[in-house]
Amino acid sequence: MTDIRVLDRRALAAAEEIVRKIDGSRPDRPTPCSEWTLAQLLAHMVGQNHGFAAAARGAGKDLAVWADRPVGEEPAEAFAASAAKVTAAFGEEGALERGFCLPEIRDGGLFPARTAIGFHFVDTVVHGWDVARSIGVEAAFDADLLAAVLPIAEAVPGGAARQRKGSAFRHGVPAGEGAGLLDRILALLGRDPGWTAS
């Protein structure tokens with residue numbers, strides 16, 4: 001079985017490549033996350049990286065560590081720094097044996113490390129796609145990454161939690177006949193695979 005941390009690291013690297021392409025795009029550009037502009041989405045992504053890093057080190061209970069972190073005029077640098085931080089935390093000795101406190105998921109509490117890193121993995125792929133669509137570039141995730149994300153996306157609970165303000169995922173939508181892996185993942189998590197910023 002492939003180490004979930006390796007998959008997560010590769011997803012972060014692909015997301016970094018997408019964020020590097022922002023280059024002057026307006027921070028108020030719309031995104032597939034209808035409540036968030038591009039700047040808000042990036043702040044959420046960076047905040048989540050810091051939050052998961054804290055959770056890996058036993059400090060995830062504090063909601064402040066999960067706060068959105070505005071990226072300013074250097075989004076690529078801010079995202080890369082946060083990605084390096086969470087990757088380092090996941091890779092620390094003993095990290096896979098810890099429970100991760102994730103106060104924003106379900107009713108909070110401790111999750112097994114591999115499960116928690118899986119949540120981060122799917123979040124990184126889907127929000128990477130969100131950024132790509134917002135700025136009109138391709139989201140290039142390898143097929144084996146998407147194959148690993150799909151069962152995690154299939155296991156994300158539905159229900160009222162997806163309707164809460166600020167929820168990262170909405171109710172699932174039809175993917176369409178013959179949909180590929182990425183489109184199936186997006187549809188499961190309430191994204192319209194055909195969404196464009198225009």
Side-chain angles (χ1 to χ4, degrees), residues 1-22 31 33 38 41-60 65-69 71 74-102 104-105 110-135 137-156 168-169 180-186 188-189 191:
M1 177 182 283
T2 303
D3 188 331
I4 188 68
R5 297 173 298 181
V6 173
L7 297 171
D8 187 74
R9 185 165 62 244
R10 288 174 54 203
L12 281 166
E16 280 187 53
E17 286 299 316
I18 293 166
V19 173
R20 280 196 199 103
K21 295 175 181 175
I22 290 175
T31 72
C33 308
L38 178 59
L41 171 61
L42 292 166
H44 168 76
M45 293 168 70
V46 171
Q48 289 294 295
N49 285 344
H50 283 275
F52 273 95
R57 292 172 171 146
V65 302
W66 298 90
D68 292 352
R69 296 179 182 231
V71 298
E74 301 293 343
E77 287 75 6
F79 184 78
S82 72
K85 181 171 185 171
V86 73
T87 296
F90 287 169
E92 287 177 0
E93 186 175 352
L96 288 184
E97 283 69 57
R98 296 187 193 114
F100 284 31
C101 185
L102 306 177
E104 298 181 326
I105 297 179
L110 292 177
F111 291 81
R114 287 176 178 81
T115 300
I117 296 169
F119 294 158
H120 184 261
F121 176 38
V122 70
D123 209 46
T124 298
V125 169
V126 174
H127 285 323
W129 177 86
D130 290 334
V131 173
R133 278 302 166 115
S134 179
I135 63 174
V137 302
E138 182 183 358
F141 293 101
D142 293 335
D144 67 316
L145 283 183
L146 298 177
V149 167
L150 181 61
I152 302 171
E154 289 173 333
V156 174
F169 304 131
L181 281 170
L182 181 56
D183 285 358
R184 289 167 62 194
I185 292 162
L186 296 168
L188 280 166
L189 300 175
R191 300 295 197 272

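The analysis underlying the following values was restricted to heavy atoms, covering all of them including side chains, and did not include hydrogens, waters or symmetry mates.
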Notebook entry, point to check: With A54, which residues qualify under side chain to side chain contact (heavy atoms under 4.5 Å, CB included), at least two apart?
Noted result: A59, V65

Checklist line | Distance in Å, T124 OG1 paired with N49 CG, rounded so as to fall on 0.5 Å steps | finding: 6.0 Å

Margin query: Using side-chain heavy atoms (C-beta onward) and a distance below 4.5 Å, is L181 in contact with V149?
Written below: no

Checklist line | NE2-CD distance between H127 and Q48, expressed to the nearest 0.5 angstrom | finding: 7.0 Å

Item checked: Side chain to side chain, L42 and F79, heavy atoms closer than 4.5 Å -> no

Next item on the list: Taking the side chain as every heavy atom from C-beta outward, state whether V71 and V19 have any atom pair closer than 4.5 Å.
Entry: no

Checklist line | Contacts of type side chain to side chain contact (heavy atoms under 4.5 Å, CB included), residue S134, not counting sequence neighbours | finding: R29, T31, L38

Margin query: Checking E74 now: which residues fulfil salt bridge (charged side-chain N to carboxylate O under 4.0 Å, His left out) with it, not counting sequence neighbours?
Written below: none

Check: Would E17 and V137 satisfy side chain to side chain contact (heavy atoms under 4.5 Å, CB included), going step by step from the backbone distance to the final call?
Finding: CA-CA 11 Å; E17 286 299 316; V137 302; over 6 Å; no

Item checked: Salt bridge present between R20 and E16 (N-O < 4.0 angstrom) -> yes

Check: Got a sec, which residues hit ring pair (Phe, Tyr, Trp, His ring centres under 6.0 Å) with F52, two or more places apart in sequence or on another chain?
Finding: W66, H120

Margin query: Which residues pass the ring pair (Phe, Tyr, Trp, His ring centres under 6.0 Å) test with F119, not counting sequence neighbours?
Written below: F111

Checklist line | Closest approach of A153 to I185 (non-hydrogen atoms, all atoms of both residues) | finding: CB-CG2, 4.1 Å

Item checked: Distance, nearest 0.5 Å, that separates CG of D68 from CE of M45 -> 11.5 Å

Margin query: Which heavy atom of L102 sits nearest to which heavy atom of A55, and what is that distance?
Written below: CD2-CB, 4.0 Å

Item checked: Test side chain to side chain contact (heavy atoms under 4.5 Å, CB included) applied to A139 - qualifying residues, sequence neighbours left out -> I18, W129, A132, F141

Next item on the list: Report the distance from atom CZ of F100 to atom CZ of R114, rounding to the nearest 0.5 Å.
Entry: 10.0 Å

Item checked: Qualifying residues under salt bridge (charged side-chain N to carboxylate O under 4.0 Å, His left out), relative to R69, sequence neighbours excluded -> none

Item checked: Heavy-atom closest pair, residues A95 and A89 -> CB-O, 3.7 Å

Item checked: Partners meeting side chain to side chain contact (heavy atoms under 4.5 Å, CB included) with R10 (sequence neighbours left out) -> V6, L7, D142, D144, L145

Next item on the list: Using the test salt bridge (charged side-chain N to carboxylate O under 4.0 Å, His left out), find all partners of R57 that sit at least two apart in sequence or belong to another chain.
Entry: E92

Notebook entry, point to check: Can you tell me how far the CG atom of L189 sits from the CZ atom of R184, to the nearest 0.5 Å?
Noted result: 12.5 Å

Checklist line | Nearest-0.5 Å distance, CG of residue L41 to SG of residue C33 | finding: 5.0 Å

Note to self: Is it true that, when you exclude E138 itself, more than 12 heavy atoms of the residues, nucleotides or ligands shown sit nearer than 6.0 Å to its CD?
What the structure shows: no

